[in-house]
Structures are given as structure tokens and as C-alpha cells.
Amino acid sequence: MAGVVARQDLRTPAVFVLETLAVAACYYAGGRLGLLRDFTVAGAVVSPVWPPTGVAVAGLLLLGPRCWAGIALGALLVLLHLTSPQPASVGVLVGSTAAPVAGYLLLRRVGFRTDLSRLRDCLALVFLAAFAAMLISSSTGAALLVATGDLPGRDFWGVWLAWWVGDAMGVLLITPVLLLLPRLRRPPRWSRWQEAVGLAVVAGCLVPLATRSPASLLFSVYPLLIWAALRFELPGSMLCALFASVMATVAATEGIGPFAHLTEVQVMANLQAFNGAMALTSLLLSAVITEQRNTRRSVERACQELVEVLEHLTAGESAAGPAPREADGRPRDTS
């Protein structure tokens, strides 16, 4: 017994180190991906979709609050990749770590469930983890840039808004996908496989056309999201939304398609409006559909159980035989 306890004690620090390194690696990889397509607002580099915030929130929800060290380490690696260490880097590091931790604590307080099968869970992810918690990182980062003189005070709100929206989009688009990946199951029927392949083919043709055509065709993506939500619920709709967001971000940073001949502010506004509307549509519509289907299954199970109980009672009465009756047909008193 002592040997088993000793091995468990040794395994706990090892697991913590491995989890920390894994979260840090995923955070850093997400940061490098986010920096592949970025904008420069008043001299500050911002990403329209910042994947590390989604990685951080998902890591906290799946692994617990102990992975905050991995988030901090990953944020440090991203900062070192962007610039040399400065006193302000400490504040940015604290803000980048505190924002997802605050989002995790808010979600825990309202009883958030990681399967995202309830509408209230999706609403909590949107308004608490994305919109509310990410105010910490954007406010801290923009304020430190102004305090150190790297950003003029008149540009504070522009950088703050771009920073906040980028962090929030990371939570809305990346966190649901990471939460649902461990629960993905292959479709049980061949017809569902055919439909999934058809959906992927249509998305592969329609989304690049909508995001690169000079005509305003971005709205044509929404029927695709509705199809994915109706047939494949949250996993299908969020994967479609993530793919469309990536393609739209590429088109926006290259200034092509519906983003051509626009100012940088207009490009950011149109892109973030498109990404936000897609994420909200996918999350909320899929949650409503999933909740309704779960309710229907619960009602069907209750009806089936009621039928089984009635059949059992009927079988019991039949086995007992008919009650004795008087000559006039009334039940005889056998007491």
C-alpha cells in the first residue's frame, strides 16, 4: 500500500508538468496561427481572431484551474516571439492569464456544462467567458501601451476594441470546437456519412466563393450553417463556422473579395461583424436544436416506461383472473 501511495504522489507532479507543457504548447501554437493573419491598429498588432484565448478557456474547463501555469507560460512565449521583454510585458502577461481564468470562474459559478447541450450554457459562454472576461485582457493591454508611451492616448479605444473583439472571437470560435472534440462520434449510418461528405464538399466550394467574390455574397454562408446545425448539431455548425471564419480572415487581410477597396477600420468592422454573427448563429441555433431533441427523447423514454408499466399491470390483472360476482353481476364481497 505504501508503494502505491508513493507512486501516486510521484505521478501527480509529473501529470501537472505534462499538462502545463501541453497547454503552453497549444497556446503558443494558437498564437503563431493567429499572428499569420493580423492587422496593425495605431502601431499595435492585433489579430481578428485570437485562438489562444479559446485554447485557454477550453483548457481550464477540461483540465481545471491548475492549468493556469500553462496559460501563463504560453502567453510568455508568445510575448517573447513578438517583442523583447519589457516592464509592460508583465502586465500584459497577467492580463492574458487572468482573463481566461476569470471566464472559467464565471462559468463555474453559473453551473456551466462542457457538453454545450443547453441554451443557457451557450449564452454563458458568449456573455461571460467571451464578452465579459475578455474585457480584462483588452483593458490591461491597451492601458499599458498608453502608460508606457507606445500608444497615443487618442488611439486607446480603437486598439482596445480590436483587442477585445479578437480575444472574444477566439473564445466563441475555438473553445466550442475544443470542448466537443473529445465527444465526437462517427455517424452510425452510411447515409449520415454521405450527408457529411456532401456538406463538406458544399462548404469547400461555397465558402471560398463567398469570401473571395467581389460581390457581397457573405450572407450565402448562413444557409450552410443552418444545414449543419439541423443535421449535425453543434459539432457540424461550429466546424463550418470556423472554416468560414478562417477563409474570411484570409480574404480580409489580403484585401480581396468583399473586403476590397475598404479602409482598415471598415475591413475590421465587416470581418468582426461577420465572424460574430456566424459564431452566435451556430452556437445558439445548435443549442436550441439540441435542447429540443433531448427534451423529445426524454418524453419518448417517459412514455415508453409508462407503456411498460401499464403492460405489466395489465398482465398482472389477467393472471389474477376475473373477480367473483353475484348473480346480479355485482362484485362479490370476499372479505
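Heads up: numbering here begins at 1 and tracks the sequence.
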Inset, instruction - Side-chain contact test, heavy atoms from C-beta onward, threshold under 4.5 Å: evaluate it for Ile256 versus Thr211 and give yes or no. - result: no

Inset, instruction - Please answer whether the main-chain N or O of Ile136 pairs with a side-chain N or O of Ser139 as donor and acceptor at a distance below 3.5 Å. - result: no

Inset, instruction - Is it possible for you to say whether Leu239 and Leu230 belong to one hydrophobic cluster, with membership spreading through side-chain heavy-atom contacts below 4.5 Å? - result: no

Legend entry - Closest contact, heavy atoms only, Leu173 versus Val177: O-CG2, 3.4 Å

Legend entry - Phe131/Trp164 aromatic ring centres below 6.0 Å: yes

Legend entry - Cluster overlap Leu33 with Leu242, hydrophobic side-chain contacts below 4.5 Å: no

Inset, instruction - Taking the side chain as every heavy atom from C-beta outward, state whether Trp227 and Val202 have any atom pair closer than 4.5 Å. - result: yes

Donor-acceptor pairs under 3.5 Å, side chain of residues 271-289 to any protein atom, not counting sequence neighbours: which ones?
{"unit_1": "Gln272", "atom_1": "NE2", "unit_2": "Pro48", "atom_2": "O", "d": "2.8"}
{"unit_1": "Asn275", "atom_1": "OD1", "unit_2": "Ser245", "atom_2": "OG", "d": "3.1"}
{"unit_1": "Thr281", "atom_1": "OG1", "unit_2": "Ala277", "atom_2": "O", "d": "2.7"}
{"unit_1": "Ser282", "atom_1": "OG", "unit_2": "Met278", "atom_2": "O", "d": "3.0"}
{"unit_1": "Ser286", "atom_1": "OG", "unit_2": "Ser237", "atom_2": "OG", "d": "2.6"}
{"unit_1": "Ser286", "atom_1": "OG", "unit_2": "Ser282", "atom_2": "O", "d": "2.7"}

Inset, instruction - Identify whether Trp193 and Val201 are in the same connected component of the hydrophobic contact network (ILVMFWY, side-chain heavy atoms under 4.5 Å). - result: no

Inset, instruction - Take Phe127 and Leu106, measure what side chain to side chain contact (heavy atoms under 4.5 Å, CB included) needs, and give me the verdict at the end. - result: CA-CA 10 Å; Phe127 290 101; Leu106 290 173; over 6 Å; no

Legend entry - Cluster check Phe156, Val265: I/L/V/M/F/W/Y, side chain < 4.5 angstrom: no

Legend entry - Student check: side-chain heavy atoms of Tyr104 and Cys67 closer than 4.5 Å: no

Inset, instruction - To the nearest 0.5 angstrom, please state how far the CG atom of Leu234 sits from the SG atom of Cys122. - result: 5.5 Å

Legend entry - Trp160/Trp163 aromatic ring centres below 6.0 Å: no

Legend entry - Thr114 versus Leu179, closest heavy-atom pair with distance: O-CB, 3.9 Å

Legend entry - Heavy-atom side-chain proximity of Leu125 to Pro176 below 4.5 angstrom: yes

Legend entry - Asp167 CG to Met134 CE distance, which is reported to the nearest 0.5 Å: 6.0 Å

Legend entry - Pairwise side-chain contact, Phe243 with Leu224, heavy-atom cut-off 4.5 Å (strictly under): no

Legend entry - Residue pair Leu199, Cys240: steps toward the side chain to side chain contact (heavy atoms under 4.5 Å, CB included) verdict: CA-CA 9 Å; Leu199 176 62; Cys240 285; 4.2 Å; yes

Inset, instruction - Any chance you could lay out the side chain to side chain contact (heavy atoms under 4.5 Å, CB included) test for Leu35 and Leu82, step after step, and finish with the verdict? - result: CA-CA 9 Å; Leu35 292 173; Leu82 286 173; 3.5 Å; yes

Legend entry - Spacing of OG1 belonging to Thr97 relative to CG belonging to Leu73, to within rounding of 0.5 Å: 9.5 Å

Inset, instruction - Output the rest of the hydrophobic cluster of Leu310: all Ile, Leu, Val, Met, Phe, Trp and Tyr residues reachable through side-chain heavy-atom contacts under 4.5 Å, sorted by chain and number. - result: Leu306

Legend entry - Closest approach of Ala244 to Val207 (non-hydrogen atoms, all atoms of both residues): CA-CG1, 3.6 Å

Legend entry - 4.5 Å side-chain heavy-atom contact, Leu77 and His81: no

Legend entry - Considering all heavy atoms, the nearest Gly74-Tyr27 contact: C-CD2, 3.4 Å

Inset, instruction - Nearest 0.5 Å please: distance from the OH atom of Tyr28 over to the CG atom of Leu76. - result: 11.0 Å

Legend entry - Under 3.5 Å: donor-acceptor pair, side chain of Arg37, backbone of Val246: no

Inset, instruction - Output the distance between atom CE (Met238) and atom CG (Leu178), rounded to the nearest 0.5 Å. - result: 10.0 Å

Inset, instruction - Starting at CG of Asp121, measure out to CZ of Arg113 and round the result to the nearest 0.5 Å. - result: 6.0 Å

Inset, instruction - Would you check if Thr140 and Val94 make a side-chain contact, meaning some heavy-atom pair closer than 4.5 Å? - result: no

Legend entry - Minimum heavy-atom distance Glu19-Leu63, with the two atoms named: OE2-CD2, 4.1 Å

Inset, instruction - Would you check if the side chain of Thr175 reaches a backbone N or O of Leu172 as a donor-acceptor pair within less than 3.5 Å? - result: no

Legend entry - CZ (Arg293) with more than 12 external heavy atoms under 6.0 Å: yes

Inset, instruction - Check whether any side-chain heavy atom of Leu60 sits under 4.5 Å from a side-chain heavy atom of Ile71, and report yes or no. - result: yes

Legend entry - Arg212/Val250 under side chain to side chain contact (heavy atoms under 4.5 Å, CB included): CA gap, chis, key distance, verdict: CA-CA 9 Å; Arg212 292 179 173 271; Val250 171; 3.6 Å; yes

Inset, instruction - Search all heavy atoms of Val57 against all heavy atoms of Pro100 and return the closest pair with its distance. - result: CG2-CB, 3.9 Å

Legend entry - Leu93 with Leu80, same ILVMFWY side-chain cluster at under 4.5 Å: yes

